[in-house]
Amino acid sequence: MLILDTALAKRAAENRPIRVGLVGAGFMGRGLVNQIVNSTPGMDVVAIANRTVATAVRAYTEAGLEPVEVSTTAQVEAMVAKDVPAVLGDAFALLAAENIDVLVDVTGAVEFGARVTVAAIERGLPVVTMNAELDGTVGPLLAHRARAAGVVLTGADGDQPGVQANLLRFVRGIGVTPLVAGNIKGLQDEYRTPTTQQAFAEKWGQDPYMVTSFADGTKVSFEQAIVANAFGFTVGQRGMYGRDHAGHVDELTAAYDVDELRELGGVVDYVVGAKPGPGIYVLGTHDDPKQRHYLNLYKLGEGPLYSFYTPYHLCHFEVPNTIVRAVDFADAALSPPAGQRVDVVATAKQDLSAGHTVDGLGGYDTYGVAESSPVTRAERLLPMGVAEGCTLVRDVAKDAVLTYDDVTLPPGRLVDALREEQEKLFA
């Protein structure tokens, strides 16, 4: 963190800001634009692409800037050269611009996000993804492609996976072996729908489908899957342990079987209702009895598990840190080094009938559950990131996990081709 503000201050002094192109201008995208424009010297959001251009305009005007609408790559480049913010509907015209330093994906859409990310990697552009749904579906393959192209593809600081990644790196750095990476939630109800979440979404100006994906467990499953894939962890059981715990996260050191954790090689998990929330926690062990003596002196207890936590996650506020890490230091905040360890599988939220077309993330039909990738592969379970738009060929009962044999896939989707390539690459 401290080296990052120094790097940005140097850029600001030299009038050489990092030029950010943004794809997606929803609730989180607007917050990020405001953060960069008004609180991050040394960085500019030079162009925003959004399907509805008026929404991209709104992101700039809420931050105090007046953008110009363009439609071609040449026009984007001309506006960037003039220090005039640009908005457009074509994400691919934006990412082709030569005077963009980094692309940030804030779409949350799997198929579209896949197309944008693949194109950016092929263009040789660093990508910061806030698209956990894409990352949890084909992130290992996309990271492999990015490494081969010599560019950084990274998850973002600020959201809970990025906060866990930073804490995991810190814990490892002091000689502690992390065995649990956890997410603190305030609510978990698999049967929430956009109807039940409508009032909350309206209160905070959010999309009810996105809010539903938080409430029904889909989002936390994706978030913990990408942490597992980045750090080589797994899940203790389908759906993770997912305890209700009203006390402090420090008390969770007594909730796990250390031998089981060691045998599994570390797990991702979540807890509902713990304090301090909505943050994250990491539990780890130390093999050196001399250092365990010091940890006890420093009030971390006698072990064998020691608790570390961050009491908040500040989402878009911290994403500029990721951007400068990627551009100036080629350091990924969160990136899978190899194949999938944990998948998110689609589970029926209600009884589903043959012939029905499955709706999207945070909808009425399915919720996502974290499962180990070997089980996902062996049982041909349907990844949540590919479930949208699939048509059922037979009935599926409520709470049953969908399989590839239950559905037909929509034709011509990139995400299906990427998923197949990922399975072959890391088999």
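Scope of the values below: all heavy atoms of this structure, side chains included, with no hydrogens, waters or symmetry mates. Because the structure is predicted, anything quoted here is derived from the model rather than measured.
With K185 contributing its side chain and F214 its backbone, the two residues share a donor-acceptor pair below 3.5 Å. A donor-acceptor pair under 3.5 Å links the side-chain atoms of D157 to the main chain of T322, judged by distance alone. In this structure a side-chain-to-backbone donor-acceptor pair under 3.5 Å is present from E111 to L414. Between the side chain of E190 and the backbone N or O of T347 there is no donor-acceptor pair closer than 3.5 Å. Counting only distance, with no hydrogens or angles, the side chain of R115 and the backbone of V415 share no donor-acceptor pair below 3.5 Å. R413 places a side-chain N or O within 3.5 Å of a backbone atom of V386 that can act as its donor or acceptor partner. A donor-acceptor pair under 3.5 Å is formed between the side chain of H313 and the backbone N or O of P278. Y306 places no side-chain N or O within donor-acceptor distance of the main-chain N or O of T253, the cut-off being under 3.5 Å. A donor-acceptor pair is defined here as one N or O able to donate and one able to accept, closer than 3.5 Å; no such pair exists between the side chain of E379 and the backbone of T376. Judged by distance alone, the side chain of T193 and the main-chain N or O of Y364 form no donor-acceptor pair under 3.5 Å.
For CZ of R238, the number of neighbouring non-hydrogen atoms (other residues, nucleotides, ligands) closer than 6.0 Å is greater than 12. Heavy atoms of other residues, nucleotides or ligands lying less than 6.0 angstrom from CZ of F27 number more than 12. More than 12 heavy atoms of other shown residues, nucleotides or ligands fall within 6.0 angstrom of atom CZ in F92. E263 CD: 12 or fewer foreign heavy atoms inside a 6.0 Å radius. Annotation: E421, atom CD; neighbour count of heavy atoms from other residues, nucleotides and ligands within 6.0 Å is above 12. In D405, the CG atom is crowded: over 12 heavy atoms of neighbouring residues, nucleotides or ligands sit closer than 6.0 Å.
Considering every non-hydrogen atom in both A59 and V33, the closest pair reads O-CG1, 3.6 Å. Contact between A338 and F426 at its shortest, heavy atoms only, is C-CE2, 3.6 Å. Taking both residues in full, the closest heavy atoms of L103 and V23 are given as CD1-CG2, 3.7 Å, listed atom of the first, atom of the second, then distance. Across every non-hydrogen atom of D269 and Y241, the tightest pair is OD1-N, 3.0 Å. Counting all heavy atoms, side chain and backbone alike, P67 lies closest to Y60 at CB-CD1, 3.5 Å. Across A165 and L334, no two heavy atoms sit closer than the pair CB-CD1, 3.5 Å.
Counting heavy atoms from C-beta on, the side chains of Y404 and P383 come closer than 4.5 Å. Looking at heavy atoms from C-beta onward, V76 lies in side-chain contact with L88 at the 4.5 angstrom threshold. Side-chain contact check for Y309 versus S307: some heavy-atom pair is nearer than 4.5 Å. Counting only heavy atoms from C-beta outward, the side chains of V319 and M130 approach each other to under 4.5 Å. Two residues are said to be in side-chain contact when any heavy atoms from C-beta on lie closer than 4.5 Å; V327 and R11 meet this criterion. Between N34 and E62, the closest side-chain pair of non-hydrogen atoms is not below 4.5 Å. Using a 4.5 Å heavy-atom threshold, the side chains of L22 and L32 count as touching. Here the side chains of L352 and L392 are in contact, with some heavy-atom distance below 4.5 Å.
Atom-to-atom distance recorded for K10:NZ and R16:CZ is 5.5 Å, nearest 0.5 angstrom. Between the CG atom in D189 and the CD atom in Q197 there is a gap of 8.0 Å [rounded to 0.5 Å]. Distance CD/Q35 to SG/C315: 11.5 Å, rounded to 0.5 Å. Rounded to the nearest 0.5 angstrom, I323 CD1 and L4 CG are separated by 11.5 Å. The distance from atom CG of D365 to atom SG of C390, rounded to the nearest 0.5 Å, is 11.5 Å. From D216, atom CG reaches atom CZ of R192 across 10.0 Å, with rounding to the nearest 0.5 Å.
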### Query
How far apart are the C-alpha atoms of R262 and V258, what are their side-chain angles, what is the distance that settles it, and do they pass the side-chain contact (heavy atoms from CB on, under 4.5 Å) test?
CA-CA 6 Å; R262 287 195 177 107; V258 178; 3.2 Å; yes

Q | Evaluation steps, side-chain contact (heavy atoms from CB on, under 4.5 Å), between V272 and L187 | A | CA-CA 6 Å; V272 179; L187 170 70; 5.8 Å; no

Salt bridge (Lys or Arg N to Asp or Glu O under 4.0 Å) assessment of R19 paired with D101:
CA-CA 5 Å; R19 298 164 297 185; D101 296 318; 3.0 Å; yes

Taking it one step at a time, do D331 and R169 satisfy salt bridge (Lys or Arg N to Asp or Glu O under 4.0 Å)? CA-CA 12 Å; D331 179 47; R169 287 173 65 172; 3.4 Å; yes

Inset, instruction - Quick one: do V180 and F233 satisfy side-chain contact (heavy atoms from CB on, under 4.5 Å)? Show the steps, please. - result: CA-CA 8 Å; V180 181; F233 288 179; over 6 Å; no

Show, in sequence, the C-alpha distance, side-chain angles and deciding distance for V118 and I121, and conclude whether the side-chain contact (heavy atoms from CB on, under 4.5 Å) test is met. CA-CA 5 Å; V118 166; I121 292 170; 5.8 Å; no

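Tested against L361, the residues T212, T218, V344 include a single side-chain contact (heavy atoms from CB on, under 4.5 Å) partner, T218.
Ion pair D343/R377 not flagged as a salt bridge, since none of the NZ, NE, NH1 or NH2 atoms sits closer than 4.0 Å to an Asp/Glu carboxylate oxygen. In this structure, R419 does not pair ionically with D416, as no charged nitrogen and carboxylate oxygen lie closer than 4.0 Å. In summary, E223 and K219 do not engage in a salt bridge, as defined by a charged side-chain N under 4.0 Å from a carboxylate O.
In summary, the side chains of E202 and Q198 do present a donor paired with an acceptor at a separation below 3.5 Å, with no hydrogens or angles considered. With no hydrogens or angles considered, a side-chain donor-acceptor pair links D105 and T107 at under 3.5 Å. If you check the side chains of Q188 and Y270, you find a donor sitting under 3.5 Å from an acceptor. Side-chain contact check for E77 and N99: no donor-acceptor pair (N or O, by modelled atom type) lies under 3.5 Å.
In this structure, R243 forms a cation-pi arrangement with Y256, its terminal cationic atom sitting closer than 6.0 Å to the ring centre and no more than 45° off the ring axis.
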